[in-house]
Asker: 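Quick one: the structure is below, questions incoming.
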Protein chains: 2
Amino acid sequence: MDMRDIAKIVGVSSATVSRVINGSNLVRPETANRVRQVIEELKFFPNTNATTLKYGKSGTYGLIIPDITNPFFPEFLKQFEKILVKNNQEMLMATTDFHSTRLQQSVRRMLVRKVDGVALLASEIETESIEALIHNRVPLVTMDRRKIGPGLSDVTINNTSGMEQAIEYLKSLGHTKIGYIGGSSQRTISDHRANAFLRAMKKFELAVNHDFMRVGDYRFTGGEAAMIELIRLTDRPTAILTANDMTAIGALRALREYGYSVPGDFSIIGFDDIELGELIYPSLTTLRLPRHQFAETFFRALEDAGKDRNAPGKKYTVGTSLVIRNSAGPVRPTTHRRTKNGRQRQPQGA
Amino acid sequence: MDMRDIAKIVGVSSATVSRVINGSNLVRPETANRVRQVIEELKFFPNTNATTLKYGKSGTYGLIIPDITNPFFPEFLKQFEKILVKNNQEMLMATTDFHSTRLQQSVRRMLVRKVDGVALLASEIETESIEALIHNRVPLVTMDRRKIGPGLSDVTINNTSGMEQAIEYLKSLGHTKIGYIGGSSQRTISDHRANAFLRAMKKFELAVNHDFMRVGDYRFTGGEAAMIELIRLTDRPTAILTANDMTAIGALRALREYGYSVPGDFSIIGFDDIELGELIYPSLTTLRLPRHQFAETFFRALEDAGKDRNAPGKKYTVGTSLVIRNSAGPVRPTTHRRTKNGRQRQPQGA
DNA sequence: GTGAAAGCGCTAACAA
DNA sequence: TTGTTAGCGCTTTCAC
């Protein structure tokens with residue numbers, strides 16, 4: 001079933017059918033109505049692949065994400081899909097599970113389908129994997145990678161604002177020994193966040209103890225493991241910031257397992273503000289990365305890049321802000337059950 | 001850049017290039033190598049839209065889900081994508097947010113892209129929405145809708161086995177007053193599950209109190225609200241089964257808010273076995289719907305239906321089983337602080 | 001207002 | 001073993 005079939009039935013040419021479908025005003029209303037009626041009756045849907053072929057652009061944007069299991073990504077996806085559908089674009093999704101081979105596979109899938117651009121929310125990017133995109137002039141927009149170039153834009157996350165709010169907040173609660181659980185040490189997003197942490201600590205004149213800086217994997221299990229390392233220290237932080245909420249939630253579980261209370265014994269602050277943070281107990285104090293705005297920015301970046309494929313890449317920025325819930329609270333002196341060198345020892349019964 | 005460009009450079013015809021790309025053995029190895037080399041150098045990727053156009057099938061399956069925010073679906077998606085990629089198929093995903101207009105929109109997206117089949121995991125299906133698929137002979141596979149027909153298959157969930165295990169387990173723990181929080185009352189999946197619950201209750205000779213049967217919305221908030229209704233009853237159940245894990249997690253939160261302990265005061269059993277169930281406290285006793293097998297079954301159903309579009313639809317079945325964690329425990333007589341008619345009143349200090 | 005026809009990139013039947 | 005060519009369904013220019 002194609003436009004010619006419709007045309008034959010109505011007694012017009014396929015060109016007229018095409019015009020009707022595309023809302024051209026060059027068709028006599030009666031003709032248009034007859035065409036529409038037959039289309040309706042036969043439940044005809046035009047084949048967009050033909051259009052894609054003709055114009056070389058598919059009306060599809062690719063979305064590559066590392067881990068669909070982390071609620072941040074479904075929440076992003078939901079917003080992104082909504083924006084695309086509103087703009088008559090299609091979405092081609094791929095996940096990488098943090099594997100670079102999977103990333104390359106995903107890029108290939110995007111390339112053979114001739115997507116009009118790719119939003120890459122994976123952090124572990126080797127240049128090799130994305131070369132093919134750049135080479136084929138497919139606009140690429142990355143997440144907080146902070147490198148731009150021809151056909152390569154970036155949505156930079158301004159961690160600084162949120163991180164400063166978080167540190168200031170913790171300081172106001174009496175915390176001075178503040179730790180950080182990052183993503184993998186190799187990854188740029190993780191580095192940017194860790195650096196923002198270090199800068200904020202400096203700004204508020206707090207000493208950084210590198211023993212308090214640990215590495216997770218952006219997942220629950222990584223946060224749990226890193227928190228256990230921190231618990232085992234003799235000198236421990238009283239507050240911990242994390243690279244994302246799943247890491248924070250893992251840390252919370254480690255603390256629960258070891259019999260510590262939050263925020264009584266330790267304060268935990270996450271990053272992302274996934275919905276789950278509101279549902280767990282204690283609810284998660286976190287740095288919010290506004291999801292809709294984030295998705296919107298990616299879309300805008302893709303559109304901009306698509307308009308002129310020779311334009312240089314651009315840098316876009318979204319901010320972060322502190323959302324106060326119940327996983328951070330005032331420091332409690334009795335937290336330090338064991339201390340190094342006998343300093344800071346607290347009375348047992350107080 | 002197309003096959004002719006490659007062909008020109010190598011000094012062969014585009015047919016030869018096509019043969020090399022598709023692994024035909026009718027090409028002299030040296031020729032093939034030269035072709036491959038140029039493809040590599042130029043980072044050429046063939047345009048699958050042309051192939052799609054030529055063959056009328058796109059190598060793409062559609063996946064329609066109601067709510068990407070419910071972790072069950074990302075977990076399914078992950079498995080499904082993996083299977084598709086392994087089989088050189090593409091995935092076109094759409095979410096409906098439980099709106100029938102969004103469903104119709106999604107179906108349209110599938111139709112214009114000429115997908116080879118659609119896996120529909122949405123429960124709120126009006127026949128109108130899917131008519132276009134059936135009419136256009138696009139194989140459709142639904143989730144536990146239990147209707148089949150030409151071009152319409154179903155992956156039925158055998159709730160019975162799991163439900164019976166759950167009731168038997170609760171009975172062995174001393175529970176006799178067992179409640180159920182379903183999805184929407186209008187939806188078939190919800191009905192199938194509720195019916196399985198009723199049948200299991202009967203099988204184990206437990207009386208059903210219809211006051212204990214409530215309706216949620218498959219989401220956290222629905223479970224929370226329904227649980228609050230149950231808490232407010234003067235005669236209350238001691239154990240509650242739910243239509244899915246998110247509902248159960250909402251119920252857990254309601255209980256925590258009202259100061260009840262789980263499983264001390266109430267036992268809760270979920271359905272799905274999402275990863276989150278292991279992470280929360282108390283960890284969730286639930287009925288497992290094996291995700292990989294489920295995704296695999298959908299894929300098989302789509303493949304089967306695609307082989308012969310005139311074949312009648314088939315029914316596929318996946319089972320469920322009880323996963324025991326910590327949200328269900330023995331009945332505690334003192335739970336019943338207030339009772340109706342003075343029956344079952346418990347001593348205060350016991 | 002409407003129609004005829006070319007061409008998007010690929011593949012397979014057929015020819016050589 | 002390789003090349004030629006028609007055609008998948010659509011849009012759009014040009015002709016009428």
Side-chain angles (χ1 to χ4, degrees), chain A residues 1-36 38-39 42-60 88 90 108 110-116 136-138, chain B residues 1-36 38-39 42-60 88 90 108 110-116 136-138:
Chain A
M1 164 93 53
D2 62 21
M3 287 192 184
R4 264 196 303 271
D5 296 321
I6 304 290
K8 221 167 283 170
I9 293 170
V10 182
V12 294
S13 77
S14 66
T16 300
V17 175
S18 172
R19 286 195 258 263
V20 171
I21 285 177
N22 294 295
S24 160
N25 54 356
L26 294 166
V27 185
R28 194 149 41 92
E30 301 97 84
T31 318
N33 278 333
R34 278 189 299 141
V35 170
R36 265 191 284 270
V38 173
I39 288 176
L42 266 54
K43 297 187 202 300
F44 168 73
F45 293 82
N47 185 341
T48 52
N49 291 298
T51 315
T52 295
L53 184 57
K54 188 158 176 59
Y55 291 108
K57 62 195 294 289
S58 59
T60 301
N88 269 308
E90 203 46 76
R108 156 165 268 280
M110 308 283 148
L111 250 8
V112 298
R113 300 270 159 184
K114 303 297 162 196
V115 298
D116 302 331
N136 281 277
R137 319 193 116 220
V138 177
Chain B
M1 163 93 56
D2 61 18
M3 287 191 183
R4 265 196 302 273
D5 295 322
I6 304 291
K8 221 167 282 172
I9 293 170
V10 182
V12 295
S13 77
S14 66
T16 300
V17 175
S18 172
R19 289 190 186 104
V20 171
I21 285 177
N22 294 295
S24 159
N25 55 357
L26 296 166
V27 184
R28 192 147 44 90
E30 300 99 84
T31 318
N33 278 332
R34 279 190 298 140
V35 170
R36 265 191 284 270
V38 173
I39 288 176
L42 267 52
K43 296 187 203 300
F44 168 74
F45 293 83
N47 185 342
T48 52
N49 292 299
T51 315
T52 295
L53 185 58
K54 187 159 177 56
Y55 291 108
K57 61 195 296 290
S58 58
T60 301
N88 268 308
E90 202 46 77
R108 157 165 267 280
M110 308 284 148
L111 251 8
V112 299
R113 298 271 158 184
K114 303 297 162 198
V115 298
D116 302 332
N136 281 276
R137 319 193 118 220
V138 177

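Below, all heavy atoms of this structure are taken into account, side chains as well, without hydrogens, waters or symmetry copies. Keep in mind that what you see is a predicted model, and the values were worked out from it rather than measured.
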Asker: Would you kindly compare B/Ser13 and B/Ala50 by the position of their nearest DNA chain D nucleotide and give the one closer to the 5′ end?
Answerer: B/Ser13
Asker: Please give me the minimum heavy-atom distance between B/Ala7 and B/Ser13, naming the atom from each residue.
Answerer: CB-C, 3.4 Å
Asker: How would you give the extent of chain B contacts on DNA chain D, as first and last nucleotide 5' to 3' within a 4.0 Å heavy-atom cut-off?
Answerer: D/dT1 to D/dG9
Asker: Run the side-chain contact (heavy atoms from CB on, under 4.5 Å) check on B/Asn47 and B/Asp2 step by step: do they pass?
Answerer: CA-CA 8 Å; B/Asn47 185 342; B/Asp2 61 18; over 6 Å; no
Asker: Please report, rounded to the nearest Å, how far the C1' atom of C/dG9 is from the CZ atom of A/Arg113.
Answerer: 14 Å
Asker: Considering every strand and a 4.0 Å limit on heavy-atom distances, what is the contact class for B/Thr48: base, sugar-phosphate, or nothing?
Answerer: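 Nothing, no heavy atom under 4.0 Å.
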Asker: What I'd like to find out is whether the side chain of B/Thr16 reaches to under 4.5 Å of the side chain of B/Thr31, using heavy atoms alone.
Answerer: yes
Asker: Rounded to the nearest Å, what distance is computed from the OH atom of residue A/Tyr55 to the C1' atom of nucleotide C/dG7?
Answerer: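 Going from OH in A/Tyr55 over to C1' in C/dG7 covers 11 Å.
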Asker: Using atom CG of A/Asn49 as one end and atom C1' of C/dC8 as the other, report the distance to the nearest whole Å.
Answerer: 12 Å
Asker: Nearest to the side chain of A/Ala15, which nucleotide is it out of C/dC10, C/dC8, C/dA5?
Answerer: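 Shortest atom-to-atom distance from the side chain points to C/dA5.
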Asker: To the nearest Å, give me how far apart NZ (B/Lys8) and P (C/dG9) are.
Answerer: 11 Å
Asker: Base, sugar-phosphate, or nothing for B/Thr52, non-hydrogen atoms under 4.0 angstrom?
Answerer: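 No contact at all - B/Thr52 keeps every heavy atom at 4.0 Å or more from the nucleic acid.
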Asker: To the nearest Å, give me how far apart CG (B/Asp5) and C1' (C/dC8) are.
Answerer: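 Answer to the nearest Å: 13 Å.
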Asker: Under 4.0 Å, heavy atoms only, any strand: does B/Phe45 hit a base, just the sugar-phosphate, or nothing?
Answerer: nothing
Asker: Heavy atoms only: give me the nearest A/Met1-A/Ile6 pair and the separation to one decimal.
Answerer: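 Reported closest heavy-atom pair: SD-CD1, 4.0 Å.
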Asker: Show the numbers, then the answer: is there a side-chain contact (heavy atoms from CB on, under 4.5 Å) between B/Ile9 and B/Leu42?
Answerer: CA-CA 11 Å; B/Ile9 293 170; B/Leu42 267 52; 3.6 Å; yes
Asker: Could you walk me through whether B/Glu90 and B/Thr48 satisfy the side-chain contact (heavy atoms from CB on, under 4.5 Å) test, starting with their C-alpha distance in whole Å, then the side-chain angles of each, then the deciding distance to 0.1 Å, before giving a yes or no?
Answerer: CA-CA 11 Å; B/Glu90 202 46 77; B/Thr48 52; over 6 Å; no
Asker: Test B/Arg113 against A/Thr60 for side-chain contact (heavy atoms from CB on, under 4.5 Å), laying out the working first.
Answerer: CA-CA 11 Å; B/Arg113 298 271 158 184; A/Thr60 301; 3.2 Å; yes
Asker: Please give, in whole Å, the distance from C/dC8 C1' to A/Leu53 CG?
Answerer: 4 Å
Asker: Which value, rounded to the nearest 0.5 Å, describes the distance between A/Ser58 atom OG and A/Met110 atom CE?
Answerer: 10.5 Å
Asker: Does NZ belonging to B/Lys43 count more than 12 external heavy atoms closer than 6.0 Å?
Answerer: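 Result for NZ/B/Lys43: enclosed.
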Asker: Both A/Thr16 and B/Gly56 contact DNA chain D. Taking the nearest nucleotide for each, which residue is further toward the 5' end?
Answerer: B/Gly56
Asker: Residues of residues 17-30 of chain A with any non-hydrogen atom less than 4.0 angstrom from an atom of DNA chain D: list those, numerically ordered, please.
Answerer: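 Of all residues in residues 17-30 of chain A, the ones placing a heavy atom under 4.0 Å from DNA chain D are A/Ser18, A/Arg19, A/Asn22.
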